[in-house]
Amino acid sequence: MIKNYLKTAWRSLIKNKLFSLINILGLSIGMAACLPILEYVSFELSYDRFNKNAENIYRVYNDRYQNGKLIQHGTVTYSAVSKAMKTDFPEVINYTRVWKVVQGGRSFMFYNGKKLGGQNELAVENSFLSMFSYPLVVGDPNTALAERHTIVITQSLARKMFNVNDNNMATVLGKTIALGNESNFVKITGVCKDVPGNSHLQFDFLTSYITLYDAKWTKPDYDFTDSRYWHYIMLRPGTDYKALEAKFAAFSQRHFQGSKVSGSVEKFHLQPLLRAHLYSDFEFDIGITANASVVWGLFIIAVLILIIAWINYVNLATAKSVERAKEVGVRKVVGATKFQLVRQFMTESLIINTFSLLIALIIIAILQGAFNTLINRQLSLAYLFQKSLGGYSFSALLVVFILNGIFISGFYPSFVLSSLKPVLVLKGKFISSLKGIVLRKALVIGQFTITIVLIVSSFVVYKQMRFISEQNLGFSMSQMLIIKGPELAKYDSTLLIKQNVFVNEIKQIPGVSGAAFSDAVPGDELRRNLDIQKSDQPGGNHFTILDNFTSPGFISLYQMKMLAGRTLSYNDYQPNGVGLPNLVLNSAAIKMLGFESPLKAIGRQVIWSGDKYTIVGVMADFHQQSLHYPIEPTMFFSGSSPLMPFSVKVDPHNLNATINAIKQKYDALFPGNLFNYYFLDEQFNRQYSSDQLFGRAFAIFSGLAIFIACLGLLGLSLFATLQRSKEIGIRKILGASVGSIVIRLSKDFIRLVLLAILIASPIAWYVMHNWLQNFVSHINISWWIFFCSGLLAVIIAFITISFQSVKAATANPVKSLRSE
C-alpha cells in the first residue's frame with residue numbers, strides 16, 4: 001500500500017513539473033534560510049548549559065540608588081557578599097568569588113627563559129571547580145586552588161608553555177612559573193580542558209583566590225566598601241530564587257551602610273546563570289554577552305520564512321484542486337475511502353518536503369562558510385544537536401516543527417480534495433469553493449504582510465545604522481591608533497617621564513600628528529565615583545561621576561570641545577608623577593552638581609574621598625560609549641599607570657612605516673613589553689556588532705522572503721491564467737489590448753498586496769519602535785519608509801504577475817478557443 005502511495009505521488013509530481021518545481025524551490029530556499037539561523041540561535045541559547053549545576057547557579061548583581069536615582073546596575077560588587085549570603089541563608093549551599101585580573105603584567109608568564117603574554121586570568125576560589133564544569137585532565141579539583149600561589153592552566157596553555165601533548169599533561173604538575181615578573185612564582189596544580197566556546201566565562205588560567213589577601217590586606221576576603229568582585233552562588237535544588245531575593249532588602253540593611261559610605265542605597269538581586277549571556281545589560285560584565293532581541297528576532301525571521309514557503313504549498317495545492325477533481329472522482333467511484341485519499345495527498349506533501357530538505361542541506365553545505373562570515377562564528381549543523389532551548393537540542397524541535405509543517409501544509413489540500421463529491425465532479429459540475437478562494441486570498445495577504453514587515457524593518461535598521469555612523473559623538477576617532485600600555489613597566493616616579501618621552505618622540509615621526517595617554521579611551525567603561533560632594537555643601541547630597549585620568553593633550557587630541565576654562569596641562573602633575581587635585585568636568589556633571597553655567601563652575605571645588613579638587617575646565621558632552629547608552633557626568637584628572645594605553649593620530653599614507661617607527665620607540669623605552677595596537681574606530685564600532693548583524697540578516701532574509709512569496713504568486717498567477725485562457729482569447733478577439741488584459745489579470749492580486757500593506761504597517765511600526773528603544777539616540781520612523789516599502793512590494797508583485805500575464809495576453813487566441 002505504501003509503495004503504491006509513493007508511486008502515485010511521484011507520478012503526480014512528474015505530471016505537474018512546473019508546480020512541483022515552484023513548491024520544492026520555495027520550500028528548499030525557506031529551509032535553507034531557516035537552518036543556518038537555527039544553528040546560530042541554538043549556539044547562543046546553549047551558553048553555560050554544559051555546566052552540570054547550571055540550573056541552580058546564579059550570579060549576584062546589585063543596583064545602586066543615589067538621591068532616588070539608579071546610578072549603577074552591575075555584576076561587580078563587594079568581596080563579602082556571597083560569603084555573607086552563605087552564612088545568612090540556608091538556601092545557599094555553595095558560592096565562589098571571581099576577580100578578573102587586570103593589573104599590570106599579570107598576563108605575562110615566564111618559564112626557563114620562555115615568555116608568553118596576553119593570557120586571560122581569573123582569580124577564583126577552590127569551590128569554583130566543583131560548582132562549574134571545567135573538568136581537570138590532571139590534578140585534584142578538590143584541592144587544586146585551595147592554597148596560595150597555585151594555578152590551574154588550560155590544555156592549550158600547557159601545550160604552548162611546555163610543548164606537551166594530551167598524553168603527558170601530568171608532567172606539568174608541580175612546575176613553578178613566574179607571573180607578571182620573574183620573581184612572582186606560582187605552582188601549577190592542575191590542567192583543565194579548554195574552556196568551551198559557549199561559556200560566558202573565558203580564561204587561560206585560574207589563580208587561587210586566597211592569594212589575593214593576607215593578614216595585612218583583608219579586603220578581598222570580607223569587605224563591604226571595596227567593589228571589584230564578581231559572585232556566583234549555588235542554591236539548593238528546588239529553591240525559588242525570587243523568594244530568596246525578597247530577603248535581600250534586610251540583608252543589605254544588615255551588612256551594608258550605603259548612606260555612610262557613598263550616600264547610596266544598595267539592592268542585591270540574582271540572575272540565573274543560563275541568562276547571563278543573552279540577558280546582560282550590566283556595567284562591567286565579566287563574561288561574553290550577546291543581545292537576546294537579536295537572537296530571538298532572527299529566530300522569528302527563520303520561522304516566518306518557513307511559514308511563507310508552506311503557505312505557497314497550501315495555496316498551489318488547493319488551487320490545483322480543480323485539475324485534480326476528476327482524479328479524485330474516479331478514485332472514489334472505484335472504492336477509495338476518504339482516509340486513503342488523505343494518506344495519498346499527505347504522501348505527496350511528505351515527498352515534496354523531503355526533497356526540499358535534502359536540497360536545503362546541499363545549499364547549506366555550499367553556503368555555510370558565507371553564513372559563518374556573516375555572523376562571525378564557526379558554526380555547523382552539529383550545533384542543532386546540542387542542548388539549548390529549555391535543555392533540549394534544536395534538532396528535536398526542528399523535527400517536530402518540520403513534521404507539523406508537513407502535516408499542516410498537506411492536511412488542508414488533502415482534506416479539500418478528498419471531500420469532493422464524485423457525481424458532481426464526473427458530470428463536470430465542480431467549481432472551486434468560495435471558502436477555498438477566500439483561504440487562498442487570506443494566505444497571500446498573510447505572506448505579503450510578513451514580507452512587508454521585513455522590508456520595513458530592513459529600511460528602519462539601515463536608517464538607524466546610518467544615523468549611528470553619521471552621529472556627532474563629541475570627539476574625533478578618525479585614524480586614531482591605540483597602543484596598549486606597557487604592562488611590565490614599573491609603577492614608580494620614572495614611569496610618567498618615560499610615558500611623556502614616548503609621546504614627545506613619536507610626535508616627531510612623519511605621519512604622526514598627535515599623541516596622548518589615558519586610563520581609558522572612547523568605547524571603554526569608566527570607573528564610577530559615588531562620593532562626590534560640593535565643597536560648599538559637605539553635608540549635602542553625594543553625587544556619582546565617571547572618571548578618567550589622562551595626560552596633557554588628550555582632550556585636544558580627540559578634538560573635544562571646551563566650553564570654559566582650560567584643559568589639563570603638565571603643570572597639573574607633581575614631579576613624582578602624582579596628579580594635582582585639578583579636574584575637567586563635562587557639561588552633564590556641571591548640570592548635575594547644580595552650577596549655574598560652565599563659566600561659573602571654573603575655580604569652584606568638589607570633595608572627593610575627603611580631598612578637595614578644583615574645577616579648571618568644562619568640556620562639552622561626548623559619547624564615551626555607543627548610542628545605546630546615555631551621556632553621563634564625567635571628569636578628567638591627571639594621573640599615570642603602566643596600563644594606560646597611548647592614543648596616536650596617524651596619517652593613513654605609509655601606515656606600515658609609521659607603525660614600525662612607533663614600535664621601535666616603544667621597544668626602546670619599554671623593553672620586554674608586547675607591542676599591541678588596534679584602530680579605535682574598529683573597536684568602537686564593535687559595540688554595534690549585534691545591531692549590524694541584525695541589519696545584514698534582515699536585509700538578506702527579507703530578500704529571500706520576497707523571492708519565496710513571489711514564487712507562490714507566480715504559481716497562482718500561472719494557474720489563474722490557465723483557468724481564464726478562454727476568457728483571454730475571447731477578449732482578444734473582441735479587440736482588447738495586451739495592457740488591458742494584463743491589468744485585468746493583475747488587479748486582483750495587487751488588491752491583496754495593498755491590503756497586506758495596510759495590515760503590515762502598524763505591525764512593523766510597533767516592532768521597530770520597540771527595537772529603537774534600545775538606543776538613547778535614534779531616528780524617527782518616517783511615513784515614507786512605509787510608502788517606499790509598500791511601493792516596492794507592489795512593484796515586485798506586479799512584475800511577478802505580469803511575467804505570466806503578458807505571456808497569456810500575447811498568446812494566439814485560436815489555441816485557447818480551439819476546443820470550443
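Keep in mind that the numbers below use all heavy atoms, side chains included, and drop hydrogens, waters and symmetry copies. Quick caveat, the model's predicted, so the values are computed rather than measured.
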Problem set entry | Side chains of H628 and D691, donor plus acceptor under 3.5 Å | yes
For this session: Would you check if the side chain of N676 reaches a backbone N or O of K484 as a donor-acceptor pair within less than 3.5 Å?
Result: no
Exercise. Between the side chain of T634 and the main-chain N/O of E632, is any donor-acceptor distance below 3.5 Å?
Worked result: yes
Exercise. Should the pair R686 and Y678 be classed as cation-pi, given the thresholds of under 6.0 Å to the six-membered ring centre and 45° from the axis?
Worked result: no
Exercise. If every non-hydrogen atom of L136 is compared with every non-hydrogen atom of D140, which pair is closest and at what distance?
Worked result: CD1-C, 3.9 Å
Exercise. Going from CD1 on I93 to CE on M234, what distance comes out if it is rounded to the nearest 0.5 angstrom?
Worked result: 4.0 Å
Exercise. Between D221 and K219, is there a salt bridge with N-O shorter than 4.0 Å?
Worked result: no
For this session: Search all heavy atoms of F646 against all heavy atoms of P486 and return the closest pair with its distance.
Result: CE1-CD, 4.0 Å
Exercise. Taking NZ, NE, NH1 and NH2 as the nitrogens, is one of them in E283 or R528 under 4.0 Å from a carboxylate oxygen of the other?
Worked result: yes
For this session: Taking the side chain as every heavy atom from C-beta outward, state whether R696 and I375 have any atom pair closer than 4.5 Å.
Result: no
Problem set entry | Close side-chain approach of Y209 and L212, heavy atoms under 4.5 Å | yes
For this session: For atom NZ of K193, decide whether the heavy atoms of other residues, nucleotides or ligands shown that lie under 6.0 angstrom number more than 12.
Result: no
Problem set entry | Lys/Arg cation over aromatic F251: R254, 6.0 Å, 45° cone | no
Exercise. For F50, does the CZ atom sit with more than 12 other heavy atoms under 6.0 Å from it, leaving out its own atoms?
Worked result: yes
Problem set entry | Polar contact flag, side-chain donor to acceptor under 3.5 angstrom, S647-Y558 | yes
For this session: From the options Y241, Y61, Y58, F248, select the one residue that forms a ring pair (Phe, Tyr, Trp, His ring centres under 6.0 Å) with H269.
Result: Y61
For this session: Assess the side chains of H277 and D48: does a donor N or O sit below 3.5 Å from an acceptor N or O?
Result: no
Exercise. Looking only at atom types and distance, does a side-chain atom of D524 sit under 3.5 Å from a main-chain N or O of V521, one as donor and one as acceptor?
Worked result: yes
For this session: Give a yes or no answer on whether the side chain of H149 reaches the backbone of N184 with a donor-acceptor pair at less than 3.5 Å.
Result: no
For this session: Please determine, by modelled atom types, if S199 and R49 share a side-chain donor-acceptor pair under 3.5 angstrom.
Result: no
Exercise. Can E91 and R236 be counted as an ion pair, charged N to O under 4.0 angstrom?
Worked result: no
For this session: Using the side-chain contact (heavy atoms from CB on, under 4.5 Å) rule, take K52 and F132 through it: C-alpha gap first, then chi angles, then the decisive distance, then the call.
Result: CA-CA 7 Å; K52 63 180 184 298; F132 293 93; over 6 Å; no
For this session: Would you indicate whether the side-chain heavy atoms of V191 and V137 approach each other to under 4.5 Å?
Result: yes
Exercise. Are W230 and F284 close enough that their ring centres sit under 6.0 Å apart?
Worked result: no
For this session: Anything under 30° is parallel, anything over 60° is perpendicular, the rest tilted; go ahead and classify F622 against F636.
Result: tilted
Exercise. Would you say M109 and F205 make side-chain contact, with heavy atoms under 4.5 Å?
Worked result: yes
For this session: Scan side-chain atoms only and decide if T154 and D204 contain a donor-acceptor pair under the 3.5 Å cut-off.
Result: no
Exercise. Just by distance, do the side chain of N673 and the backbone of L488 share a donor-acceptor pair under 3.5 Å?
Worked result: yes
Seminar exercise, completed: Heavy atoms of Y78 and H231 approach each other most closely as O-NE2, 2.5 Å
Problem set entry | Step-by-step side-chain contact (heavy atoms from CB on, under 4.5 Å) determination, F162 to I188 | CA-CA 12 Å; F162 302 104; I188 299 174; 3.4 Å; yes
Exercise. Can you name the nearest heavy-atom pair linking M131 to N53, along with the distance?
Worked result: O-ND2, 3.1 Å
Problem set entry | Carboxylate-amine/guanidinium contact D166 R159, below 4.0 Å | yes
Exercise. Under the side-chain contact (heavy atoms from CB on, under 4.5 Å) criterion, do E121 and F203 qualify, and how do the steps go?
Worked result: CA-CA 6 Å; E121 176 187 5; F203 57 86; over 6 Å; no
Problem set entry | Any donor-acceptor N/O pair, Y95 side chain to S127 backbone, under 3.5 Å | no
Exercise. Among V92, I233, N94, whose side-chain contact (heavy atoms from CB on, under 4.5 Å) with K86 holds?
Worked result: V92
Exercise. Counting heavy atoms not belonging to Y677, are there more than 12 under 6.0 Å from its OH?
Worked result: no
Problem set entry | Member of V186, T189, T143 meeting the side-chain contact (heavy atoms from CB on, under 4.5 Å) criterion with T150 | T189
For this session: Evaluate the criterion side-chain contact (heavy atoms from CB on, under 4.5 Å) for residue pair R275 and S280; output intermediate values, then yes/no.
Result: CA-CA 8 Å; R275 293 177 63 85; S280 174; over 6 Å; no
Exercise. Taking all atoms of both residues into account, what is the closest heavy-atom pair of M635 and N529, and its distance?
Worked result: CE-ND2, 3.6 Å
Exercise. When you measure from the centre of the six-membered ring of Y65, is the NZ or CZ of K267 under 6.0 Å away and within 45° of the axis?
Worked result: yes
Exercise. Taking C-beta and beyond as the side chain, do L379 and P36 meet within less than 4.5 Å on heavy atoms?
Worked result: no
Exercise. Ignoring hydrogens and geometry, is there a side-chain-to-backbone donor-acceptor pair from Q66 to T544 under 3.5 Å?
Worked result: yes
Exercise. Just wondering, are more than 12 heavy atoms of other shown residues or ligands nearer than 6.0 Å to CD in E147?
Worked result: no
For this session: Go through the side-chain N and O atoms of T211 and S208 and say whether any donor and acceptor fall under 3.5 Å apart.
Result: yes
Exercise. Do D285 and T75 have side-chain N/O donor and acceptor atoms under 3.5 Å apart?
Worked result: no
Exercise. Are E266 and S252 linked by a side-chain donor-acceptor pair shorter than 3.5 Å?
Worked result: no
Seminar exercise, completed: Between G139 and L173, the two heavy atoms sitting closest are N-CD1, 4.0 Å
Problem set entry | Lys/Arg N to Asp/Glu carboxylate O, E39 vs R377, below 4.0 Å | no
For this session: Would you check if the side chain of Y134 reaches a backbone N or O of N51 as a donor-acceptor pair within less than 3.5 Å?
Result: no
Problem set entry | From CH2 (W296) to OG (S293), nearest 0.5 Å | 12.0 Å
Exercise. Is the closest side-chain heavy-atom distance between Y229 and V76 below 4.5 Å?
Worked result: no
Problem set entry | Backbone N/O of L546 and side chain of R527: donor-acceptor pair under 3.5 Å | no
For this session: Output the distance between atom CD1 (I468) and atom NE2 (H623), rounded to the nearest 0.5 Å.
Result: 10.5 Å
Exercise. If we ignore angles and hydrogens, is there a donor and acceptor under 3.5 Å between the side chains of D194 and S156?
Worked result: yes
Exercise. Checking S130 side chain against N126 main chain: does a donor-acceptor pair fall under 3.5 Å?
Worked result: no
Problem set entry | Rounded distance (nearest 0.5 Å) linking atom CG of N198 with atom CD of E44 | 9.5 Å
Problem set entry | Close side-chain approach of Y47 and L274, heavy atoms under 4.5 Å | no
Exercise. Does CG belonging to N376 count more than 12 external heavy atoms closer than 6.0 Å?
Worked result: no
Exercise. Side-chain contact, heavy-atom cut-off 4.5 Å: L116 with Y111?
Worked result: no
Exercise. Strictly by modelled atom types, are D88 and H255 linked by a side-chain donor-acceptor pair under 3.5 Å?
Worked result: yes
For this session: Determine whether the side chains of N548 and T550 contain a donor N or O and an acceptor N or O closer than 3.5 Å.
Result: no
